[in-house]
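Whatever order the structure lists them in is the order used to number ligands and atoms, beginning at 1.
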Amino acid sequence: MCGIFGISGHADAAALTHLGLYSLQHRGQESAGIVAVKDGAVNVLRAMGLVSDKFSAESMRTLAGPVAIGHTRYSTAGSSTIENAQPALVRFKGGHIALAHNGNLTNATEVRRSLEEDGSIFSSTMDSEVIVHRLARAKGERPEEKLAEALRGIEGAYSLLVIIGDTLVAARDPLGWRPLVMGRLNGGTTVFASESCALDIVGATVEREIAPGEIVAVEPNGSVRTIQMPAPAEQRRCVFEYVYFARPDSRVFGGSVDRARRALGRRLAEEHPAPGADFVFSVPDSSNSAALGFAEASGLPLELALIRNHYVGRTFIQPTQQGRDEKVKVKYNAVREILAGRSVVMVDDSIVRGTTTRGLVALVRAAGAREVHMRVSSPPITGPCYYGIDTPDREQLIAANHSIEEIARRIGVDSLGYISLDGMLGAVPDGPSGFCHACFSGQYPTQPPTIPEKRRLG
Ligand code: AMP
């Protein structure tokens, strides 16, 4: 999973991209990068770490030009290398190509092997690099035709921003797994971003979502051309974007993330009420909106019983179990005055390994809670994601290997209720069809990668 941002036709393209990346930081904290183009000259800044730590207004001065793209990369254990930081940038006889990718390709291994047999030399282990090589060989006239040619036969999830020459090209895979929105700044400048919150921060307004299978090319003078690749009637938008990934102040897939999460919370309360509980609280921040929905539908008051330290990164990315256990305590603390002696409902958006949840339940009990009823606003995660969400292998997914009763026992709660698959799909905007829910249902829209990638590279 990653965040991508692009802009064409603005004197401060890099500075605005820098700003946009701040709003996409939640989509990836491993590395960040920006490429800008001016009069055929291309410049790049890439760094491991957070946008705010690594880039400054000062550093943006080295990135002149009216066209820029940026990327924030999602952290996965073991793949933190600068070679894998994006945007990817190559210079070749036809000029330069810069590419920022959100998603995960499922046949990258095969495509890479065949390119290598033809002499390609790869400089990273990123799946996205195969698109760059394909682009460099593409014969098409216009940049968007080259990209369409390069993407033929590429399978899996991609929302892309590519600079070819000084043309900015945006594309979304035919199943529409990952979001990509197009906006306008000052009526003219075109802006693209993974989520609408990144348009808000630069003052752009949302024009529309890029359609699944659509390729949009924008020239610095503002002219726009589009190509439609063949796309099946039914989309496979990632429902986990609504559940967990996107920011609640964003619109993705044309719907409000806040509204989606509240509806998930309401539905969860209908499916798994907690009669007799004193109040409900969220695991901040990703389940705040779902907990609000639960409170609304159940009539229980909402309390702020867990406090999150905002200066700590995600627990999920700690490579060792011990590291993850310790990080829960560093990241969260419980408010004793609220919890002591009470029967409580804890709402979280998902249980993946169960590590965070177990640690949180222990914290809440240590603060004196009498009963802990856990409610989860997504169904049990029973399989890995091959399309850009970094879920661990099946062996580590608690719900792939244990019944609900066993999970409840392991995480130490008095009761446990997950929203149903139908409940979730009925609650999100524009549901219930047209979503990918493979990690919950096992219904994978494509063949899983033949060589399972340990690291997910989106
Ligand atoms: P776990 O301890 O593995 O069960 O972690 C569950 C927590 O991780 C939940 O609070 C989620 O908000 C969060 N989470 C869920 N999916 C992901 C993901 N793919 N990457 C990072 N965090 C996640």
Side-chain angles (χ1 to χ4, degrees), residues 1-3 25-30 72-77 79 102-104 157 177-178 238-248 257 261 264-265 281-291 306 308 312-332 346-364 374-402 404 406-408 410-413 416 418-419 424 436-440 455-458:
M1 186 52 69
C2 300
Q25 189 73 82
H26 62 291
R27 297 183 70 87
Q29 299 98 45
E30 179 183 312
T72 54
R73 185 151 195 269
Y74 188 35
S75 225
T76 54
S79 67
N102 170 207
N104 201 62
W177 257 291
R178 301 284 148 222
C238 170
V239 71
F240 211 60
E241 291 275 352
Y242 278 137
V243 167
Y244 167 76
F245 219 86
R247 261 172 50 165
V257 178
R261 289 192 188 156
L264 288 166
F281 67 95
S282 72
V283 177
D285 293 315
S286 50
S287 50
N288 288 350
S289 317
L306 273 180
R308 173 175 162 199
V312 186
R314 288 190 164 161
T315 50
F316 201 84
I317 63 178
Q318 287 295 308
T320 66
Q321 193 62 43
Q322 196 190 346
R324 282 192 289 270
D325 285 343
E326 284 163 4
K327 265 234 164 149
V328 172
K329 272 198 185 155
V330 179
K331 189 169 165 185
Y332 298 100
M346 175 163 116
V347 173
D348 204 351
D349 55 83
S350 55
I351 300 179
V352 185
R353 294 179 171 89
T355 319
T356 313
T357 314
R358 195 176 53 234
L360 289 172
V361 174
L363 269 184
V364 166
M374 170 96 195
R375 298 293 180 266
V376 189
S377 61
S378 63
I381 299 179
T382 52
C385 175
Y386 302 122
Y387 313 110
I389 299 279
D390 178 41
T391 38
D393 294 330
R394 203 176 298 271
E395 308 82 72
Q396 293 176 45
L397 291 169
I398 193 166
N401 303 297
H402 300 283
I404 308 264
E406 284 167 354
I407 299 171
R410 282 175 168 255
I411 62 179
V413 292
L416 171 61
Y418 286 90
I419 197 171
M424 173 183 70
C436 176
H437 39 76
C439 58
F440 305 117
R455 293 167 301 170
R456 287 180 235 295
L457 301 168

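- The distance from ligand 1 to the heavy atoms of Ile351 drops below 4.0 Å at these ligand atoms: 4 (O).
- Atoms of ligand 1 lying under 4.0 Å from any heavy atom of Tyr74, numbered from 1 in the order shown and given with element: 18 (C), 19 (N), 20 (N), 21 (C).
- Remark: the backbone N or O of Ala291 is not paired with any side-chain donor or acceptor of Arg261 at under 3.5 angstrom.
- By the side-chain hydrogen bond (donor to acceptor under 3.5 Å, both in side chains) test, Arg375 is found to be paired with Ser415, residues two or more places apart in sequence or in another chain being considered.
- Using bins of under 30°, 30° to 60° and over 60° for the plane-to-plane angle, the ring pair Tyr74/Phe245 lands in the perpendicular bin.
- Considering only residues two or more places apart in sequence or on other chains, Asp348 meets the side-chain hydrogen bond (donor to acceptor under 3.5 Å, both in side chains) condition with none of them.
- Proximity of Asp348 to ligand 1, defined as any heavy-atom pair under 4.0 Å, is confined to the side chain (atoms from C-beta onward).
- No donor-acceptor pair under 3.5 Å is formed between the side chain of Thr72 and the backbone N or O of Arg27.
- Between Ser378 and Tyr244 there is no side-chain heavy-atom pair separated by less than 4.5 Å.
- Not close to ligand 1: Val283, with no non-hydrogen atom less than 4.0 angstrom away.
- Residue contact check: Ser286 has heavy atoms under 4.0 Å from atoms 12 (O) of ligand 1.
- For Phe245, the closest heavy-atom approach to ligand 1 does not fall below 4.0 Å.
- Not a single heavy atom of Thr391 lies less than 4.0 angstrom from ligand 1.
- Put simply, the side chain of Asn401 gets close to the backbone of Arg394: a donor and an acceptor are under 3.5 Å apart.
- Taking a cut-off of under 4.0 Å to the non-hydrogen atoms of Ile389, the atoms of ligand 1 that pass are 19 (N).
- When Pro392, Gly354, Ser350 are ranked by how near their heavy atoms come to atom 15 (C) of ligand 1, first place goes to Ser350.
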